[in-house]
Protein chains: 2
Amino acid sequence: MAHDDVHPVSLACGDCPIRHRAVCARCETDELDELESIKYYRSFEAGQTVIWSGDKMDFVASVVSGIATLTQTLEDGRTQMVGLLLPSDFVGRPGRESAAYNVTATTDILMCCFRRKPFEEMMERTPHIAQRLLQMTLDELDAAREWMLLLGRKTAREKIASLLSIVARRDASIKLRTATGRMTFDLPLTREAMADYLGLTLETVSRQISALKRDGVIELEGKRHVTVPDMDRLLIEAGDDSDGGFLV
Amino acid sequence: MAHDDVHPVSLACGDCPIRHRAVCARCETDELDELESIKYYRSFEAGQTVIWSGDKMDFVASVVSGIATLTQTLEDGRTQMVGLLLPSDFVGRPGRESAAYNVTATTDILMCCFRRKPFEEMMERTPHIAQRLLQMTLDELDAAREWMLLLGRKTAREKIASLLSIVARRDASIKLRTATGRMTFDLPLTREAMADYLGLTLETVSRQISALKRDGVIELEGKRHVTVPDMDRLLIEAGDDSDGGFLV
DNA sequence: GTTGCCACTTGATTTGGGTCAATTCGCGTT
DNA sequence: AACGCGAATTGACCCAAATCAAGTGGCAAC
C-alpha cells in the first residue's frame with residue numbers, strides 16, 4: 001500500500017495529531033475529505049465510561065490520545081479486560097449495532113469518531129479501508145491469541161513480566177529506540193486494571209511486582225514509574241520465546 | 001451483501017460440500033471462476049500436524065470437513081489452544097509469510113486451499129472478499145475475547161460447562177434445532193485437547209466432567225457421547241449471562 | 001495540621017486446581 | 001483369551017494464588 005512507510009499509522013483524519021491507519025493522506029485525498037465530513041471529536045475524563053456493553057453505538061472511532069480499556073463482566077462482578085486501547089487504535093465494529101464490551105477511559109482521552117452509517121457506506125465503495133481494517137483486525141486477533149496463552153498457561157510472575165514488557169515495548173516505539181538494555185516508563189494502569197488484564201487479583205499483582213523489585217528485575221520510583229535495568233532478563237521472566245510476542 | 005440469506009456460509013469454491021464465506025456463488029461468478037483456478041484440496045489424518053508455527057505458509061484455506069486446532073506453546077511445553085477450526089472456518093492470513101500457530105487435525109480433515117499470492121492479488125481487486133474476510137475476522141475476535149473471559153475469570157466447572165454448551169450450540173445448528181431442552185452430541189476433542197482449550201490439566205477436566213455427571217447436569221455414554229437433559233441448567237453452570245456468548 | 005480518601009502493600013489463612021501415581025476402560029492385534 | 005496401548009478416571013498430597021484483614025503512604029480539601 002503506497003506511502004505506508006511515510007506515515008504508517010493512519011485511519012483517516014486530516015488534522016489529528018496522530019495519523020490514523022487505513023487511508024494514506026497523500027494519495028487518497030478525496031477519501032480523506034469525505035472522512036473529514038463525517039468525523040467529530042469526543043473527549044472523556046479518566047475513569048469515565050465511554051460505552052456500556054449493549055449500548056447502541058452509532059459511531060466507530062480511533063484513539064487520538066490517552067488510554068482506554070475494553071472489559072467484559074460476569075453477572076457476579078468478575079471482570080476481564082479483553083482489549084487495551086492506545087493512541088491510533090480503532091474502536092467499534094462496522095456492521096454491528098450495539099457495543100459488545102464496556103469501554104472505559106483510564107486516562108483522559110480524546111477520540112476521533114466517524115458516524116457509523118456513512119463510514120460503512122464509504123467502506124463498501126473504498127477497498128483500501130476494508131483492507132486496512134482487515135490488517136488491523138488480524139493484528140488484534142494475533143494479540144488476543146497471545147493474550148490467551150498468557151491467561152491460560154502463565155504463572156502470576158510471568159504474567160506481570162509479560163505485561164511490563166508489553167508496556168515497555170509500546171512505550172519504546174515512541175520514545176527511546178536507542179538503549180535496548182535499560183528502559184524506563186510509566187505504568188498507565190492501576191493495580192486493579194492490571195489484575196483485570198492478567199486474570200489475577202490486585203493483591204497478587206502487588207505481591208509479584210514487589211517480588212520482581214526485590215529480585216532486581218525492575219526498579220520502582222513511586223508506584224507507577226518503572227525502570228527495567230535489563231530488558232532481556234525481563235523477557236526471560238515473561239516466559240516468551242524469541243523477542244516476546246506482540247500483545248496490544 | 002446480496003444473497004447472503006440464500007447461502008450464508010461461503011468463501012469461494014464451487015464444488016465444496018460446504019459453501020464457504022465471502023463470495024456469493026450466484027452473483028459473483030467470475031470471481032468464483034478465478035478462485036476455482038487457484039484452489040486445490042489437501043486432506044490430513046487425525047493427529048497429523050497441518051502446519052507448524054513458523055513454517056512458511058503459501059496458502060490460505062477453508063475447512064471443508066473435520067476439525068482442527070490452533071495452538072501456541074511455551075518452550076517448556078505448556079500449550080494453549082487459541083482457535084478451534086470447524087467446517088467453513090478460515091485459516092491463514094493474507095499478507096503474512098509464515099504461520100503464527102500450530103495447526104493440528106484432531107479428526108480426519110479436508111481443507112480447501114488457495115495459493116496465497118494470487119488470493120491476495122484477487123483480494124486487492126475484489127472489495128467483497130476483503131469485506132467478508134473482515135466480518136469473519138471480527139467474529140473470530142469476538143470469540144477470542146469471550147474466550148479470554150473464560151480463561152481469566154471462570155472456575156474449572158464453569159469452563160467445562162461453557163465448552164460443552166459451545167459444542168452443543170455448534171452441533172445444534174447442524175442437527176436438531178427442535179428440542180431446546182434436551183440435547184445430545186459427541187465431544188470432538190480428547191480430554192487433553194479440552195484441557196488445552198480451557199487452560200486446565202486433563203485430570204481436572206476429567207474430574208469436573210465426572211462432577212457434572214454426578215450432579216445430573218450431563219449424562220455420559222462412553223467417554224465422548226454427551227446428553228444434556230436441560231440446556232438452561234448447563235448455561236447457568238457456565239456462568240454466562242443471556243444466551244451464552246458465541247465462542248468458536 | 002488534620003481529616004478523609006484512594007491506591008497500594010503486606011500478612012495470615014484457605015482453597016481450587018495442579019502434580020504424581022495408581023488403576024480402569026475400551027479396543028485393536030496377535 | 002491374552003496382550004498392549006492410549007484415553008480416561010480416581011485418589012492422595014501439595015502449592016500458587018485467592019480471600020480476608022490490617023496497615024501504609026500520598027495527596028487534595030477544609
Side-chain angles (χ1 to χ4, degrees), chain A residues 45-48 69 74 76-80 104 106-107 150-164 186-215 218-226 237 239, chain B residues 45-48 69 74 76-80 104 106-107 150-164 186-215 218-226 237 239:
Chain A
E45 288 172 24
Q48 258 190 304
T69 62
L74 263 16
D76 62 5
R78 283 175 285 173
T79 100
Q80 174 65 51
T104 312
T106 61
T107 66
L150 177 152
L151 289 172
R153 293 304 186 193
K154 288 191 179 177
T155 65
R157 174 182 260 244
E158 288 170 333
K159 285 178 176 182
I160 297 287
S162 299
L163 176 57
L164 291 175
D186 282 314
L187 285 171
L189 301 172
T190 64
R191 299 291 185 263
E192 186 177 22
M194 289 191 247
D196 287 342
Y197 188 106
L198 301 170
L200 298 170
T201 59
L202 67 92
E203 292 95 329
T204 299
V205 170
S206 183
R207 268 187 260 272
Q208 293 299 335
I209 288 179
S210 299
L212 288 176
K213 182 182 168 189
R214 174 172 41 72
D215 299 346
I218 59 172
E219 293 156 21
L220 277 180
E221 292 166 67
K223 319 268 182 193
R224 299 290 193 89
H225 193 74
V226 179
E237 290 283 353
Chain B
E45 288 173 25
Q48 258 191 304
T69 62
L74 264 14
D76 62 5
R78 282 175 284 174
T79 100
Q80 174 65 51
T104 313
T106 60
T107 66
L150 178 151
L151 289 171
R153 294 303 187 192
K154 286 191 179 177
T155 64
R157 175 182 259 245
E158 288 169 333
K159 286 178 176 182
I160 297 287
S162 299
L163 176 57
L164 292 175
D186 283 313
L187 285 171
L189 301 172
T190 65
R191 299 290 186 263
E192 186 175 21
M194 288 193 248
D196 286 343
Y197 187 107
L198 301 169
L200 298 170
T201 60
L202 67 92
E203 292 95 331
T204 299
V205 169
S206 183
R207 268 187 261 271
Q208 293 300 333
I209 288 180
S210 299
L212 287 175
K213 183 182 169 190
R214 174 172 41 71
D215 299 346
I218 59 172
E219 294 156 20
L220 276 180
E221 292 167 66
K223 318 269 181 195
R224 299 289 194 88
H225 193 74
V226 180
E237 292 283 354

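Sequence lines set the chain letters: A, B, ... in the order given, protein chains first and strands last, and positions in each chain run from 1.
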Visitor: Which sits closer to the 5' end of DNA chain C, B/K223 or B/T201, going by the nucleotide each is nearest to?
Guide: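 On the 5' side of the pair lies B/T201.
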Visitor: Could you point out which residue of A/L198, A/L187, A/I209 forms a side chain to side chain contact (heavy atoms under 4.5 Å, CB included) with A/L163?
Guide: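 Testing each of A/L198, A/L187, A/I209 against A/L163, the sole residue satisfying side chain to side chain contact (heavy atoms under 4.5 Å, CB included) is A/L198.
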Visitor: Got a donor-acceptor pair under 3.5 Å from the side chain of B/R214 to the base of D/dT10?
Guide: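 No, no donor-acceptor pair under 3.5 Å.
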Visitor: So how far is it from A/I218 CD1 to A/L212 CG, rounded to the nearest 0.5 Å?
Guide: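 The distance works out to 5.0 Å.
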Visitor: Any N or O donor-acceptor pair under 3.5 Å from the base of C/dG11 to the side chain of A/R207?
Guide: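 By the distance-only test, yes, there is a pair.
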Visitor: Check every atom of D/dA8, C/dC8, D/dT9 against the side chain of B/R224 and return the nucleotide holding the closest atom.
Guide: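 Ranking D/dA8, C/dC8, D/dT9 by closest atom to the B/R224 side chain puts D/dA8 first.
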Visitor: Tell me the bend of the helix from C/dG1-D/dC30 to C/dT30-D/dA1 as the angle between end helix axes, each from five pairs, rounded to the nearest 10 degrees.
Guide: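 Both end axes considered, the difference amounts to 30°.
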Visitor: Where do B/R153 and A/G199 come nearest, in terms of heavy atoms and distance?
Guide: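 Answer, listing the atom of B/R153 first, then A/G199: NH1-C, 3.5 Å.
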Visitor: Roughly how far, to the nearest 0.5 Å, is CG of B/D215 from CD of B/E237?
Guide: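 Reported value, rounded in 0.5 Å steps: 7.0 Å.
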Visitor: Of the listed nucleotides (D/dA17, D/dA8, C/dC8), which one gets closest to any side-chain atom of A/Q208?
Guide: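 Nearest nucleotide to the side chain: D/dA17.
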Visitor: Do you know the tightest heavy-atom contact between A/T204 and A/A156?
Guide: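 Smallest heavy-atom distance, with atoms named: CG2-CB, 3.8 Å.
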Visitor: Which residue lies toward the 5' end of DNA chain D, B/L202 or A/E203, if each is placed at its nearest nucleotide?
Guide: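 Of the two residues, B/L202 wins.
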Visitor: Ignoring backbone atoms, test whether B/T204 places a side-chain nitrogen or oxygen under 4.0 Å from the OP1 or OP2 oxygen of C/dG18.
Guide: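 Yes, such a contact exists.
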Visitor: Both A/M194 and A/R153 contact DNA chain C. Taking the nearest nucleotide for each, which residue is further toward the 5' end?
Guide: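 Between the two, 5'-proximity favours A/M194.
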Visitor: Looking only at N and O atoms, is any donor in the side chain of A/E192 or the base of C/dC8 less than 3.5 Å from an acceptor on the other one?
Guide: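 Counting by modelled atom types and ignoring angles, no donor-acceptor contact under 3.5 Å is found here.
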Visitor: Which whole-number value in Å describes the distance from A/R78 CZ to D/dA18 P?
Guide: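 For the pair A/R78 CZ and D/dA18 P, the rounded distance is 13 Å.
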Visitor: Looking at every heavy atom in both A/R191 and A/K223, which two are closest together, and how far apart are they?
Guide: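 In this case the closest contact between A/R191 and A/K223 is NH2-O, 2.9 Å.
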Visitor: Which atom names give the shortest non-hydrogen contact between A/Q208 and A/R157, and what distance separates them?
Guide: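 Scanning both residues, the minimum pair turns out to be OE1-CB, 3.5 Å.
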Visitor: Any side-chain N or O of A/S210 under 4.0 Å from OP1/OP2 of C/dT10?
Guide: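 For C/dT10, OP1/OP2 do have a side-chain N/O of A/S210 under 4.0 Å.
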